[in-house]
Amino acid sequence: DAMVIQNPRYQVTQFGKPVTLSCSQTLNHNVMYWYQQKSSQAPKLLFHYYDKDFNNEADTPDNFQSRRPNTSFCFLDIRSPGLGDAAMYLCATSRPDRDYEQYFGPGTRLTVT
Amino acid sequence: SQQGEEDPQALSIQEGENATMNCSYKTSINNLQWYRQNSGRGLVHLILIRSNEREKHSGRLRVTLDTSKKSSSLLITASRAADTASYFCASIQGAQKLVFGQGTRLTINP
């Protein structure tokens, strides 16, 4: 089945230690998104790619970076995680001819110790 | 910025009852989408309603859209325990981006 896969599902990192979260998709969608979601809140868009074009949200901290080496994969790098970065990180994909209906992965729960 | 506000923030009903959630948005839209999120999981797309539509059905789901009031509602009929989840409305803002409302946490009591 076509899907969005996130690895790992749970990630524990130390304060200040760089961490990378990964997302892959078999849907061949143009657009890939990274969201941060904290408890009982709506998903907050960090950035997205339309093909190779990178679109950063104005309020996304510089601590968060992303790479999309090809259509299928997208990575979220947190250069120096702080305690406030503990959250669920959601990857999603969409395509323009489907009204940007989004397909989400299961998420990676990040804990910062 | 948040595009939508949802009401109520939390809703608890008995199994078999109907659940209604409301969403208001600020700017004009092409379509409005509803998503469900089970605890600790990713979001799942439920239904999309276009700006030229007033009502849409999918199984036990009914969505209405009132563009003059910039509001939408999601009705779940004959609720089941498995419907317990958070429900979010979302609309396109700018290019390619969805902006989500704050969500309604729905609890179905057996």
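Per chain, numbering begins at 1; letters A, B, ... match sequence-line order. None of these values were measured; they are calculated from a predicted model.
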Requested in this report: Answer yes or no: is there a donor N or O on one side and an acceptor on the other, between the side chain of A/Y100 and the main chain of B/S91, under 3.5 Å?
Outcome: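 Not confirmed, A/Y100 side chain does not pair with B/S91 backbone.
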
[atom1]/[X]: more than 12 non-hydrogen atoms of other groups inside 6.0 Å:
X     : atom1 : value
A/D51 : CG    : yes
B/N30 : CG    : no
A/R98 : CZ    : no
A/R67 : CZ    : yes
A/K38 : NZ    : yes

Looking only at non-hydrogen atoms, find the nearest pair between [X] and [Y] and report the distance.
X     : Y      : result
A/M88 : B/R41  : CE-N, 4.4 Å
B/I92 : A/D99  : CD1-O, 4.0 Å
A/A42 : B/G101 : CB-O, 3.1 Å
B/F88 : A/P43  : CE2-CD, 4.1 Å

Query raised in the report: Going through the distances and angles, do A/Y35 and B/L98 end up as a side-chain contact (heavy atoms from CB on, under 4.5 Å)?
Result: CA-CA 11 Å; A/Y35 292 89; B/L98 275 186; 4.2 Å; yes

Hydrophobic clustering (ILVMFWY, side-chain heavy atoms < 4.5 Å, transitive) - are [Y] and [X] grouped together?
X      : Y      : value
B/L106 : B/I47  : yes
B/L46  : B/I49  : yes
A/F54  : A/F75  : no
A/V31  : A/L21  : no
A/L46  : B/F100 : no

Query raised in the report: Side chain, backbone, both or neither: which part of B/L48 has a heavy atom under 4.5 Å from chain A?
Result: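 The answer is the side chain of B/L48.
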
Query raised in the report: Where does B/Q9 contact chain A at under 4.5 Å (heavy atoms): side chain, backbone, both or neither?
Result: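 The answer is neither part of B/Q9.
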
At a 4.5 Å cut-off on heavy atoms, which part of [X] comes close to chain B: side chain, backbone, both, or neither?
X     : result
A/N30 : neither
A/Y33 : side chain
A/Q37 : side chain

Query - Full working for side-chain contact (heavy atoms from CB on, under 4.5 Å) between A/S40 and B/R105 - result: CA-CA 9 Å; A/S40 300; B/R105 293 189 306 279; 4.2 Å; yes

**Report entry** Between OG on residue A/S94 and NZ on residue B/K97, distance to nearest 0.5 Å
**Finding:**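 Going from OG on A/S94 over to NZ on B/K97, the span is 13.0 Å.
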
Requested in this report: Would you sort out whether B/Q33 and A/Q102 count as a side-chain hydrogen bond (donor to acceptor under 3.5 Å, both in side chains), showing the intermediate values?
Outcome: CA-CA 10 Å; B/Q33 304 180 27; A/Q102 297 200 358; over 6 Å; no

Query - Worked check of side-chain contact (heavy atoms from CB on, under 4.5 Å) between A/L90 and B/Q37 - result: CA-CA 12 Å; A/L90 296 165; B/Q37 184 178 33; 4.1 Å; yes

